[in-house]
Number of protein chains: 4
Amino acid sequence: MNTTNKKIEQRQVSIQALLSAARTLFVSQGYQGTNLEQIASNANLSKGAVYFYFKSKETVLIELLKQVEKIVVDDAIAHIESKLRTSPLDQLIAYVHYQTNLGITHLADVLLLVLMSLEFKEKKSATQEFLAQMYQRQCDFMENLIKEGQLSKDFRQDLPAKELASIVLGAHDGTFLAWYKRSDVLDGKDLARSLRMMMIDGLTHQ
Amino acid sequence: MNTTNKKIEQRQVSIQALLSAARTLFVSQGYQGTNLEQIASNANLSKGAVYFYFKSKETVLIELLKQVEKIVVDDAIAHIESKLRTSPLDQLIAYVHYQTNLGITHLADVLLLVLMSLEFKEKKSATQEFLAQMYQRQCDFMENLIKEGQLSKDFRQDLPAKELASIVLGAHDGTFLAWYKRSDVLDGKDLARSLRMMMIDGLTHQ
Amino acid sequence: MNTTNKKIEQRQVSIQALLSAARTLFVSQGYQGTNLEQIASNANLSKGAVYFYFKSKETVLIELLKQVEKIVVDDAIAHIESKLRTSPLDQLIAYVHYQTNLGITHLADVLLLVLMSLEFKEKKSATQEFLAQMYQRQCDFMENLIKEGQLSKDFRQDLPAKELASIVLGAHDGTFLAWYKRSDVLDGKDLARSLRMMMIDGLTHQ
Amino acid sequence: MNTTNKKIEQRQVSIQALLSAARTLFVSQGYQGTNLEQIASNANLSKGAVYFYFKSKETVLIELLKQVEKIVVDDAIAHIESKLRTSPLDQLIAYVHYQTNLGITHLADVLLLVLMSLEFKEKKSATQEFLAQMYQRQCDFMENLIKEGQLSKDFRQDLPAKELASIVLGAHDGTFLAWYKRSDVLDGKDLARSLRMMMIDGLTHQ
DNA sequence: AATGAATGAGCATTCATTCAT
DNA sequence: GATGAATGAATGCTCATTCAT
């Protein structure tokens, strides 16, 4: 391996160390509650290094959110859309499985998304716009899925799709937060299974 | 009205103005994102006045949370317990009605509770302890209610009560957050009704 | 007693309570380290009352210092001058007795003088000027006394009067401060006697 | 000189500039009377720089006091103990010489010690404890020296050692303060000589 | 005679950001 | 590629002072 490659590799190591430190800290302390000194030192680097790799503190967050969007939105949608031939109910089941599974495999990413949405809710900024778009995509996707399910009579028709979609997404977010608050007394598998069944049975109730 | 009464009244006016301003700002910008200058000037007072009435910024929040606890926890539990003779299902219905109704009559209070819980999650402080106790009470209450409903066969028995309780509470919180994020496109009544039915049908599914 | 007299009496009671509280606090915490709230509440009054009786915080101090000047300077000098016919040595003995005695009967006053002199040393203000004049009077008095004693051969002539005067005054001040710092382990009577003898024997050494 | 050395040197320059500015200001205005802005700008730096080098305002003071302890206590004691074979009288003479000399070579340090002792007298803090220990060491050292001198009959035995020690130390402190108050009219050499002789003759008086 | 309410300037401290090296 | 030094704006909080009652 030549010098340039080594450098590029080192670059990636440092960037990943910084992003990883930032994710952990943003989730546990919030964006405002985390300072650059903490991010840098948790990555065994200096504050200056953060500015070598990122334009600002907010850029670090946006970079993280780009990674999260891929996992939580892009891949989720792709995963379901790979099953287009199946019924809306099967698609919903696949979606809910996918999402509850993320709570196990990518908890920090999911929480980061939920928490940053709230922290940047009313703060005009690049981050806010990025998050709003991401949320909109999730809502649209879920609303469409529910609408199809209502047309196919898989799902209940007595409640409007838009509101049902918000509840499905909101219940997921709320459950992740509950899991985060009380992971000491809750069982992750049971929680995931309970959420899935509550959502599916709730939506298919006639 | 005598002089003393006028002063007491003025006191209450100022305190309420400050608390009200603080609630609005804490909900929209977060606790850390709000500074005392904003609270004071939104109440048409100076920063110094805040310290005349409250020991610290955190005391303002705790005072608000005490009010919220009464509305969201004490009154809710009292409301349900006034119906002790009724079936667990009826009690759950009453609870869910009560809570969804709060989203209309006391949205800011409910949101304050949810948001502060997250912001203070890992911050050792009086606030954190206060919030943790409040949340514990809610969880215990809901878990007991669900256990009773499972015993009486009102509710499904295939999922554990503790996790179901977390989902009911989490779904409420998540839905309030969704409502806050997208109140422009959602219909409050529909959302409340959808949440109630999803929860009740989800829990009573056999 | 008529109403007016009662009022005048009440006035004096409040003023004395404030001055007394202020003296104690200024001595133990310094002028800057004491706030008006403490003075007022230690006198069972409100902050506003202080401003009813005094123009400002500094006025409170100046009022106290006027009382102190009478005791520590005026009365001391008068006391010695009542013995004008006696020898300079006897006058010095009388002075030193008087001053060490003040450490027992009026410790707070003496300390207030010493401490405020230091705290206002380089702060241009009415207080500073007042203190400087008081100190000047003490120095002049002592220097003259020593000069006379040197002329009468009561005192040593190998050291200049001005510097000796500063040492006598400084030793007193320093000893009062030492007493204040370590009154738990020192014996007041012994300390006073030791200081008197060190000063007298030191000055009369030939 | 390499880069690292330059940085280390720059570091020391800035730290010393800050400490020096702080010493001057603390002595002339007191600790409370000095704000960080003054310290920083007197060192041609910004307020932030103070916090780059010191944890807090109080840390700046403690750092200064550590330097002072070395000069005023450690070195003084070491200086006398290097003469252990000599008589207590000679040791006292050496001590008094050493201390009066400090008034010329390290006036600011000596004054800082005296003034901060008073300002922190009743303020529970790290500084207070540090100062109390330093003062205790001085008292113990002087008391022992006087006791030995009393045993060897070098010093008077009619007064207790503990109180005599307090007077020697107190007289020094008081004289330094007098010198600071009136250096314009006093002669430093004469003052130092007068203090030395007053102390020695006062202690050896039989 | 005295108080409670309110102000506003001042202060210690934090922190994102810049920059020379 | 990365750091240490330094900045300056922002913030929670204190406190002397004012004033209506």
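Proteins come first, then strands; the chains are lettered A, B, ... in the order of their sequence lines, and each starts at number 1. The basis for the numbers below is simple: all heavy atoms, side chains too, and nothing from hydrogens, waters or symmetry mates.
When Watson-Crick and G-U wobble pairs are counted only if both distances are under 3.5 Å, dG8(E) pairs with dC15(F). Figure legend. dA20(F) is base-paired to dT3(E); pairs are counted as Watson-Crick or G-U wobble with both atom distances under 3.5 Å.
Spacing between atom CD of Q32(A) and atom P of dC15(E) amounts to 11 Å, rounded to whole angstrom units. Nucleotide dA5(E) holds its P atom 18 Å from the CG atom of N44(B), rounded to whole Å. Look at CD on E9(D): it is 15 Å from C1' on dA5(F), rounded to the nearest Å. Straight-line distance from the CZ atom of F52(B) to the P atom of dT3(E): 13 Å, rounded to whole Å. L18(D) places its CG atom 12 Å from the C1' atom of dA5(F), with the value rounded to the nearest Å. Atom CZ of F54(B) is separated from atom P of dA5(E) by 12 Å (rounded to the nearest Å). Look at CG on N35(D): it is 16 Å from P on dA9(E), rounded to the nearest Å.
You'll find a donor-acceptor pair under 3.5 Å spanning the side chain of K47(D) and the base of dT13(E), going by distance alone.
Which of dG8(F), dA5(E), dG4(F) sits closest to the side chain of S46(D) comes down to dG8(F).
Here Q10(B) does not reach the OP1 or OP2 of dT21(F): none of its side-chain N or O atoms lies under 4.0 Å away. For the pair Y51(D) and dA6(F), the criterion of a side-chain N or O lying under 4.0 Å from OP1 or OP2 is not met. When the side-chain nitrogen and oxygen atoms of R11(B) are compared with OP1 and OP2 of dG4(E), none of them lie within a distance under 4.0 Å. The side chain of S14(B) contributes an N or O atom lying less than 4.0 Å from OP1 or OP2 of dA6(E). Residue Q38(D) places none of its side-chain N or O atoms closer than 4.0 Å to OP1 or OP2 of dC11(E).
For the pair Y31(A) and L115(A), the minimum side-chain heavy-atom distance is 4.5 Å or more. A heavy-atom distance below 4.5 Å is not found between the side chains of Q67(D) and K70(D). Side-chain contact between F54(B) and L19(B): present, with at least one pair of heavy atoms (C-beta onward) separated by less than 4.5 Å. Counting heavy atoms from C-beta on, the side chains of L45(B) and F52(B) never come closer than 4.5 Å.
Along DNA chain F, the nucleotide closest to L45(D) and the one closest to E37(B) are compared, and the more 5′ of them pairs with L45(D). In terms of position on DNA chain F, the residue among V50(D) and K57(C) whose nearest nucleotide sits closer to the 5' end is V50(D). Comparing Y31(A) and G48(C) along DNA chain E, the residue whose closest nucleotide (by nearest heavy atom) sits nearer the 5' end is G48(C).
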For a side-chain hydrogen bond (donor to acceptor under 3.5 Å, both in side chains) check, start with the C-alpha distance between Y180(A) and E122(B), then their side-chain angles and the critical distance, and finish with the verdict. CA-CA 11 Å; Y180(A) 192 45; E122(B) 305 214 344; 3.0 Å; yes
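Nucleic acid contact for L36(C): base, since at least one base atom lies under 4.0 Å from a heavy atom of the residue. The residue T34(C) sits close only to the backbone: its heavy atoms come under 4.0 Å of sugar-phosphate atoms, none of a base.
Annotation: F130(A) is not in aromatic contact with F120(A) [ring centroid separation under 6.0 Å not met].
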